[in-house]
Participant: 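Got a structure here, written out as structure tokens. Questions coming.
Every chain is numbered from 1 and lettered A, B, ... according to where its sequence line falls, protein lines coming before strand lines.
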Amino acid sequence: MKSIQGSVAAVRAGARIDNALRLTVRVAILALFLGVTLTRPASAMNIQTIKSPGGIEAWLVEEHGVPLMALRYAFVGGNSQDPAGKDGVANFLTAMMDEGAGDLKSEEFQERMEDISMRMSYDDSKDALYGSMETLTVNRDKAVELLRLSVQKPRFDTDAVDRIRQQLLANITYSDKDPEKVAMKTWYAKAFEGHPYARPSNGTAATIAGITHDDLAAFHKRTFAKSNLKIVAVGDITAAELGRMLDDVFGALPANADLLAVEKTMPVNVGTQSVVEMDVPQSVAVFGLGAMLRKDPDFMAGFVVNHILGGGGFSAKLMEEVREKRGLAYSVYTYLQPFQHASIVAGSVATKNESMAESLQIIRAELKKMADNGPSEADLKAAKDYLTGSYALRFDTNSKIATQLLGLLQDDFGPDYVETRNKQVEAITVDDAKRVAKRMLDSDGLIVTVVGKPVGLKAATPVPAGIPNRG
Amino acid sequence: MLSRFRFDRDRRATHTPRLFTLWILTLLALPMLALNPAAFAAASATRATEFKLANGMQVVVIPDARAPVITHMVWYRVGAADEQRGTSGIAHFLEHLMFKSTEKIAVGEFSKIVSRLGGQDNAFTGHDATAYFQRVSKDRLPRMMEMEADRMVNLRLDEKEVLTERDVILEERRSRVENNPSSLLSEQMDAALYLNHPYGVPVIGWYHEIQKLSRQDALTFYKHYYAPNNAILVVSGDVTGDEVKALAEATYGKIPSNPDVVTERHRPQDPPPLVPRRIELKDARAGNFSFHRDYLVPSYQTAKPGEAEALDLMMKIAGSGSTSRLYKKVVVEQKLASTVGGDYSGGGLDSGTLSLYAVAADGVALEKVEAAVDAVLADVAKSGVTQAELDRAKSGYLADYIYESDNQATLARRYGWNLAVGRTVADVENWPAAISKVTLDDIKAAAAQYIDLKRSVTGYLKPDTRGVAERTAPDASPAAATSVVR
């Protein structure tokens, strides 16, 4: 049923981190039943880097008290690899991966998965296509066989393709009436105009209608390869066993992916504001700017500044000003989202049509204040205390561990990142934060899209002259 | 459940109208891994420690030492269905206001303190219960208990703060309901399903009543229901029962009980249903034609022994996933719908529901979809299910719980919810055994009794095509819609 929920689910903003978080793998509970006690502070986690006999690399966290395992993997590429005119093919593919493989047609494949209580799911983001598999140790061989078939020999039978197409089309129809999703989609279309990141990851009714068996097979062939594969395993499996599994599942894939070149970019249409009319009582705005890439030396400072501005829930400035002081919105937030080829700091607010203009004005003012003055010493300390103190909360289940590690692997960090991360946060000074706030938060450059019937809010062209296009 | 704060940026949007699908009950404990139904019958080990403080506060501790992290929750046995008529939304409003201030905590500081301690906090309200929680590292537990105990009885509300928060809740209602035709239909269906029971009133409240809620309404509700003898403390994570006991006695244990809180909860009950009800909502913002059906049935708390378990299994076989009867028949074989599904919500104090939904395939009339769904259900009621289906459904539940109970917060919620609606730790932990006992005859009997249109509301959601035509250019594609832009 992935196709029903999985693809409806996302505001496919291409939020890679969100996508990764959604790939929930749930593993370790048996330890509880078995009376096994596993104490595992994040800092004590033993991450092995392994290589299979066939040369496939992976990270492994062994945990043998629990007769279960989770495998997470990513094929770098994602929906920014959708060929022109075939928007949505990556997403379509993810919905087809459990719809029959090898000699097993859809229904038989799914019944076999159920019979062994195996979990398998796929998801796409702008930069990668994610897979997830969980199995009980006792059924591992059978699960590996089904996973192997899915990875290597998905069928794309016509009846299944048409059935999933109907679901995807229904999802698009639904999303196109959802102000939040439309605001997000429109924002990406504006901010990345001319770049693959601008395209709707779920496709359009027209592109989905035109995607064929051959398109799916071609996309699969191009993007499922060993050169762009990242793998993490957590649970009841040894390095040697995992090595054999990796060769079984992934060994027969082509050595090299055939990826389209995607250029590094920065948002365009800076300083614009667009309004999409929709007859709803509450408008939704998405706003954002270009930001620093994951490997930028200022990234962590940017992350902390975002936390203070809009990422930190009730501790954040925007929440304080828009919700707590004025009651203008239930939800207002920002996030720093580094993609592979661009980075953004973006956010959203939903408020009644009459209050949108005021809310956006407050948000702009807060951005400007943060850019001009930076955070205070106290704000910075509170943010660091939260970010360092809560890091362990990201590692309290095996599924979360797998998610975190795959993210690190994808960003080309080593296993030692888990040990050094809090020190990086601690090292940020007020001067760092001020400098980076100024660099990141150009409130005049804000790209804004609003969906609804906002009162007194007009579409605006870029501020004339003098503002350099950050693209 | 309504939360005080949205965690997820990409809120899941499904076609199902259920705003507050309750957690299906429980958790299971297994001595071994065999996935055959017989394993369900195997003795299930007790996991949670349970005790009571002298003032009547119930405590449950669920040890999980895998990471040095704690989930700390306080549940109150009060929810939206306990509100006085005319003050709908007050339970949820109070939940928001609980984050304002006490003598010891300045306005808005509660969550900030939790955050500075490296923790995360939130709260949620349902029809039957309200809960507050924090996730923190182990060493912060004493401070969390101190703060939570403080606001159980020392809340301070400033008039202006209250009015500002009321505006926030009206925005929350716009986000969740007014902006979303599926939610509007769901509210209308609930109002029709419950002839007399307050489950027919939305947890968030009706707009016109929220607008009039006052500081005094909140305080009256608070003073009556928020007391240790009406609360349940649930702690899961890296902690023992003894540790929690000592801390609880030093914090919650100091609060006197409130003799005015009646432990027996009596809400107006529904008369026997006599007539099928039908609702049709036309809205330009409905993208698809969809069919919805709810049946009023018993909950785990009100059902005869084994009946709720039978309903749970029956709905899994009929409506869960792409191997379900409904999906195979209506989507795969007949191609009348693009999606179809159904489930049983059995967590309620006073009743449960069977819920079904389907999105019509292109050009297929909802009447045809409805007839096809009804035919599948009628077949289950008349002929039952097969042994193979039942075995697979039982194994499936077993596996679900194995996989999904990885999370200490989920464990805390399962125990907390069950206790809040009057079930016991033993009920939670004996659930696997109860599921294992369900027979083919039980399923057939439950289906025959409860798949009865008299108990139901049927809802159609239809795009109002005239509305769309008035509003947008001839080509109503999203691209055309966005072209209104500069």
Side-chain angles (χ1 to χ4, degrees), chain A residues 1 4-5 8-11 18 26-30 32-33 37-41 67 110-111 114 117 136 138 166-167 170 173-174 176-179 186 274-277 279-282 313-315 323-324 327 329-331 350-352 382 385-386 389-390 392-393 395-397 399 459 461, chain B residues 5-6 9-10 12-15 29-30 33 35 47 64-69 108 111-112 115-120 135 137 164-165 167-168 171-172 174-175 178-179 284-285 287-288 321-323 331-332 338-339 359 361 392 395-396 399 402-407 471 478 481-482 484-486:
Chain A
M1 298 300 275
I4 294 176
Q5 302 203 324
V8 179
V11 176
D18 282 2
R26 303 174 181 95
V27 188
I29 195 61
L30 274 194
L32 305 175
F33 304 130
T37 298
L38 303 168
T39 299
R40 184 191 46 218
Q110 286 169 356
E111 285 182 353
E114 261 191 49
S117 301
L136 311 171
V138 63
Q166 285 296 319
Q167 290 171 8
T173 311
Y174 183 82
D176 284 348
K177 303 281 184 180
D178 180 327
T186 310
S274 29
V275 178
V276 181
E277 271 215 33
D279 195 0
V280 285
Q282 185 185 63
F314 284 93
S315 303
R323 173 168 162 163
E324 295 299 283
Y330 171 62
S331 164
T351 182
K352 60 183 177 293
D385 286 350
Y386 171 75
S390 64
L393 299 180
F395 295 91
D396 68 342
T397 70
S399 68
T461 44
Chain B
F5 172 54
R6 233 174 90 186
R9 290 203 284 280
D10 53 1
R12 220 180 60 170
T14 64
H15 296 285
L30 289 197
L33 253 188
L35 266 182
R47 294 230 21 244
D64 172 6
R66 291 174 299 154
V69 171
S111 291
K112 288 176 188 166
S115 171
R116 285 199 294 271
L117 296 174
Q120 299 163 348
R135 288 179 19 80
S137 71
T164 304
E165 196 63 31
D167 287 341
V168 169
E171 290 297 347
E172 181 178 359
R174 283 187 195 97
S175 286
E178 259 76 33
N179 257 25
R285 298 166 300 159
N288 302 296
S322 47
T323 55
V331 174
V332 178
S338 63
T339 64
V359 177
R392 183 178 282 164
S395 306
I402 294 171
Y403 285 120
E404 289 174 6
S405 301
D406 183 21
N407 194 313
R471 249 175 282 262
T482 58
V484 181
V485 186
R486 72 173 183 91

Participant: With a 4.5 angstrom heavy-atom cut-off, which part of A/A329 approaches chain B: side chain, backbone, both or neither?
Facilitator: backbone
Participant: Is there a side-chain contact between A/K352 and B/R174 in this structure, where contact means two heavy atoms from C-beta onward sitting under 4.5 Å apart?
Facilitator: yes
Participant: Taking all non-hydrogen atoms of both residues into account, name the closest pair between B/S322 and A/Q110 and its distance.
Facilitator: OG-OE1, 2.8 Å
Participant: If you take all heavy atoms of B/V331 and A/Q167, which pair is closest and at what distance?
Facilitator: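 Shortest heavy-atom contact: CG1-NE2, 4.2 Å.
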Participant: Going by atom types alone, do A/S390 and B/Q120 pair a side-chain donor with an acceptor below 3.5 Å?
Facilitator: no
Participant: Closest heavy-atom contact between B/S111 and A/F314?
Facilitator: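 Taking B/S111 first and A/F314 second, the nearest heavy atoms are CB-CB, 3.8 Å.
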Participant: Output the distance between atom OG (B/S115) and atom CG (A/D385), rounded to the nearest 0.5 Å.
Facilitator: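 B/S115 atom OG to A/D385 atom CG measures 8.5 Å (nearest 0.5 Å).
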Participant: For the side chain of B/N179 and the backbone of A/Q282, is there at least one donor-acceptor N/O pair under 3.5 Å apart?
Facilitator: yes
Participant: Under a 4.5 Å heavy-atom cutoff, which of A/S315, A/G327, A/A382, A/G389 has the most pairs with chain B?
Facilitator: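 Option with the top pair count is A/G327.
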Participant: Judged by atom type as modelled, is there a donor-acceptor pair below 3.5 Å linking the side chain of B/E172 to the main-chain atoms of A/Y330?
Facilitator: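 Not at all, since once roles are kept as given, no pair shorter than 3.5 Å links the two residues.
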Participant: Nearest 0.5 Å, what's the CD-CZ distance between B/E171 and A/R323?
Facilitator: 11.0 Å
Participant: Under a 4.5 Å heavy-atom cut-off, does chain B meet the side chain of A/P179, its backbone, both or neither?
Facilitator: side chain
Participant: Which atom names give the shortest non-hydrogen contact between B/V359 and A/A170, and what distance separates them?
Facilitator: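 In this case the closest contact between B/V359 and A/A170 is CG1-CB, 4.2 Å.
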Participant: Measure A/E111 against the heavy atoms of chain B and call it side chain, backbone, both or neither at under 4.5 Å.
Facilitator: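 Its backbone and side chain both get close to chain B.
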Participant: Specify the closest pair of heavy atoms between B/A284 and A/K177, including all atoms of both residues, with the distance to one decimal.
Facilitator: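 That would be O-NZ, 3.3 Å.
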